[in-house]
Number of protein chains: 2
Amino acid sequence: MSRQHVKPHSKTHAKKREILERALACFSEHGVTGTTIEMLRDATGASVGSLYHHFGNKEAIASAVFIEGMNDFGALAMKYLSELMETPLPAKDMAERAIKVMVYANVDWITRNPDWARFVFQNRRIVSASDDDDVLRKGTASFYGKLIEFKAPLVAAGYLKDLPIELYGAFISGPVHDYARHYLAGRHDIPLSEYREILAEGAWHALKGHGAH
Amino acid sequence: MSRQHVKPHSKTHAKKREILERALACFSEHGVTGTTIEMLRDATGASVGSLYHHFGNKEAIASAVFIEGMNDFGALAMKYLSELMETPLPAKDMAERAIKVMVYANVDWITRNPDWARFVFQNRRIVSASDDDDVLRKGTASFYGKLIEFKAPLVAAGYLKDLPIELYGAFISGPVHDYARHYLAGRHDIPLSEYREILAEGAWHALKGHGAH
DNA sequence: TATATTCTAGAATATAATTCTAAAATATTT
DNA sequence: AAATATTTTAGAATTATATTCTAGAATATA
């Protein structure tokens, strides 16, 4: 708790963010395998020694890019959810609104951060392999915790299906990510954002309970 | 059309399949990056020269594993769809059945081929990067063609929503893949197969048209 | 049987990741 | 403020690994 234990460098985070953004650009253009440490050195301005000192190895740099992206998305999702919770609505509308807002968070973040999203979709193995997996898991766990507590009364009232939170995640994110992945790889022509409402409707119909008809 | 143009080696495919399965085992255990050519040589029994002669480079081996897996899945999906088409059903039931059967195809293939599925989920970048992307696209395109023609009358009758086929794919595969990905990475405890029916129901509710209520 | 083609082998080479040593910068203590 | 410790940067040296290359074996074709 003493002052010394507070992270000392205030510039550090911004600097790290800068490095990760430039690394992302390299990875997006050449893939993780195709990006050499030399390329990262040139793109970021940091020396080879520095990169290894701070990250450990190349995969860990990719992993850090991944985490940074997920945190960024998490922040947006949290913001959307907070705003919703401040809005006074009848329970039935609240249920529908909540599902849709979570879809919007996914669609909007991906739309605004296409490179980051593409990287995340295409490089999941990198984090599964690394220790950062736990970091990530803790982040989503706390978010899920909030959601569980939020949906409980809506489930009890019959406005939402009684399913484990993992399936809520699947129905909310799954279709968005599936479409986004193909779109970001150039295999679909219509932008994800165009289907924002259709995807939200679909998730709502998949998850609404009997009392919501 | 002459006999010479028919692929000459009958053993070749089985042998290649064998090699790809062993390569998959390596990749699953150590990741693509963590697997060296030497490891692949030892695991498959083929020499370094042979591997390069047949595949070109390491990524191409991974890419071939990917394609093999997707074709395997495609065959199962096609089988399920054919069986359905032979079943005489009233249009309304047919709509629901079709959506659910496609979900089952996904769930069942993943359940039976967990290593292959995990590999596919975690290494999509490899194929996006390679030329094999087109091979894959053509495969799914012909399958999608069948689906489009199949759903047309059901859409016209109001039993299914009028959405582009890409969104059908998203609502059918998205939630399954999202859950499966986490499950196969050890982040969820309940097996995918346990949620087979719930996932099918969800997809159906997301896609059913007004005439199906 | 002779000739061409494809396939296998493994050593040689090239490329790129990682480590290492020392110097510079920054922080901490006296 | 000077002395000391710690963290960070640098880039050359090393190690690991992918890829290429040459020659010989196997197989197909004429």
Side-chain angles (χ1 to χ4, degrees), chain A residues 1-20 22-23 25-27 29-66 123 125-126 129-132, chain B residues 1-20 22-23 26-27 29-66 123 125-127 129-132:
Chain A
M1 297 299 146
S2 70
R3 229 175 162 292
Q4 283 115 42
H5 292 160
V6 176
K7 67 174 68 170
H9 309 281
S10 57
K11 273 189 274 184
T12 296
H13 187 262
K15 205 174 189 177
K16 190 164 187 174
R17 170 86 186 197
E18 173 81 14
I19 286 180
L20 293 180
R22 303 212 178 178
C26 286
F27 292 148
E29 195 174 346
H30 309 103
V32 174
T33 309
T35 300
T36 68
I37 299 291
E38 283 205 345
M39 286 161 82
L40 289 172
R41 169 177 55 101
D42 294 347
T44 63
S47 70
V48 172
S50 249
L51 290 172
Y52 274 86
H53 175 76
H54 289 292
F55 295 99
N57 59 29
K58 196 173 84 166
E59 287 242 315
I61 298 174
S63 182
V65 169
F66 191 106
N123 295 282
R125 128 82 46 184
I126 285 161
S130 80
D131 308 335
D132 292 341
Chain B
M1 296 297 145
S2 70
R3 226 175 164 291
Q4 284 116 43
H5 291 160
V6 176
K7 66 173 68 171
H9 310 281
S10 58
K11 274 189 275 183
T12 297
H13 187 261
K15 205 172 185 177
K16 190 164 185 175
R17 171 84 186 197
E18 173 81 15
I19 286 180
L20 293 180
R22 303 213 178 176
C26 286
F27 292 148
E29 195 175 346
H30 309 103
V32 174
T33 310
T35 299
T36 68
I37 298 291
E38 284 205 345
M39 288 160 81
L40 289 173
R41 170 177 54 101
D42 294 346
T44 64
S47 69
V48 173
S50 251
L51 290 171
Y52 273 88
H53 175 75
H54 289 292
F55 297 99
N57 60 30
K58 195 173 84 168
E59 288 242 315
I61 298 175
S63 182
V65 169
F66 192 105
N123 294 283
R125 127 84 45 183
I126 285 161
V127 169
S130 81
D131 308 335
D132 294 340

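A, B, ... follow the sequence lines: proteins, then strands. Residue 1 opens every chain. FYI, side chains are in, hydrogens and waters are out, and symmetry mates aren't considered; it's all heavy atoms of this structure. Just so it is clear, the model here is predicted, and its values are computed rather than measured.
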(message) Mind checking if B:Thr35 touches a base, just sugar-phosphate, or nothing, with heavy atoms under 4.0 Å?
(response)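 Sugar-phosphate, no base atom in range.
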(message) Please convert DNA chain D into dot-bracket. A pair counts if it is Watson-Crick or G-U wobble with both distances under 3.5 Å; crossing pairs go in [ ] and bases paired with another strand get |.
(response) ||||||||||||||||||||||||||||||
(request) If a pair satisfies salt bridge (Lys or Arg N to Asp or Glu O under 4.0 Å) and one of its residues is in residues 49-58 of chain B, list it, with sequence neighbours excluded. (result)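 Every pair satisfying salt bridge (Lys or Arg N to Asp or Glu O under 4.0 Å) with a residue in residues 49-58 of chain B: there are none.
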(request) Taking side-chain hydrogen bond (donor to acceptor under 3.5 Å, both in side chains) as the test, write out the residues that go with A:Ser130, two or more places apart. (result)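 Applying side-chain hydrogen bond (donor to acceptor under 3.5 Å, both in side chains) to A:Ser130 gives A:Ser63.
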Report the distance from atom [atom1] of [X] to atom [atom2] of [N], rounded to the nearest whole Å.
X	N	atom1	atom2	value
A:Ile37	D:dT9	CD1	C1'	15 Å
A:Lys15	D:dT7	NZ	P	16 Å
B:Leu51	D:dC21	CG	P	18 Å

(request) Just jot down the salt bridge (charged side-chain N to carboxylate O under 4.0 Å, His left out) partners of B:Glu29, sequence neighbours excluded, or say none. (result)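 B:Glu29: no salt bridge (charged side-chain N to carboxylate O under 4.0 Å, His left out) contacts found.
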Considering all heavy atoms of both residues, which atom of [X] and which atom of [Y] are nearest to each other, and what is their separation?
X	Y	answer
B:Ala23	B:Val65	CB-CG2, 4.1 Å
B:Thr35	B:Cys26	OG1-O, 3.3 Å
B:His30	A:Arg125	C-NH1, 4.2 Å

(message) Short of 4.0 Å, heavy atom to strand atom, which residues of residues 52-60 of chain A count as contacting DNA chain D?
(response)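 Those residues whose heavy atoms fall under 4.0 Å from DNA chain D, taken from residues 52-60 of chain A in numerical order, are A:His53, A:His54.
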(request) Mind checking ring pair (Phe, Tyr, Trp, His ring centres under 6.0 Å) for A:Phe27 and listing every partner two or more places apart, or none if nothing turns up? (result)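 Expected list: A:Phe119.
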Please write out each protein N/O paired with an N/O of nucleotides 10-13 of chain D under 3.5 Å, distance rounded to 0.1 Å.
from, atom 1, to, atom 2, distance (Å)
D:dA10, OP2, A:Ser47, N, 3.4

With a cut-off of 3.5 Å and sequence neighbours excluded, list every side-chain donor-acceptor pair involving residues 41-54 of chain B.
from, atom 1, to, atom 2, distance (Å)
B:Thr44, OG1, B:Leu40, O, 2.7
B:Thr44, OG1, B:Ala46, N, 3.2
B:Ser47, OG, B:Ser50, N, 3.1

(message) Quick check against the 3.5 Å criterion: does A:Asn57 have a side-chain atom that pairs as donor or acceptor with the backbone of A:Ala60?
(response)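 Yes: the side chain of A:Asn57 pairs with the backbone of A:Ala60.
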(request) For the residue pair A:Phe66 and A:Leu20, establish whether any side-chain heavy-atom pair is separated by less than 4.5 Å. (result)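 A side-chain contact is absent here, since even the closest heavy-atom pair is not under 4.5 Å.
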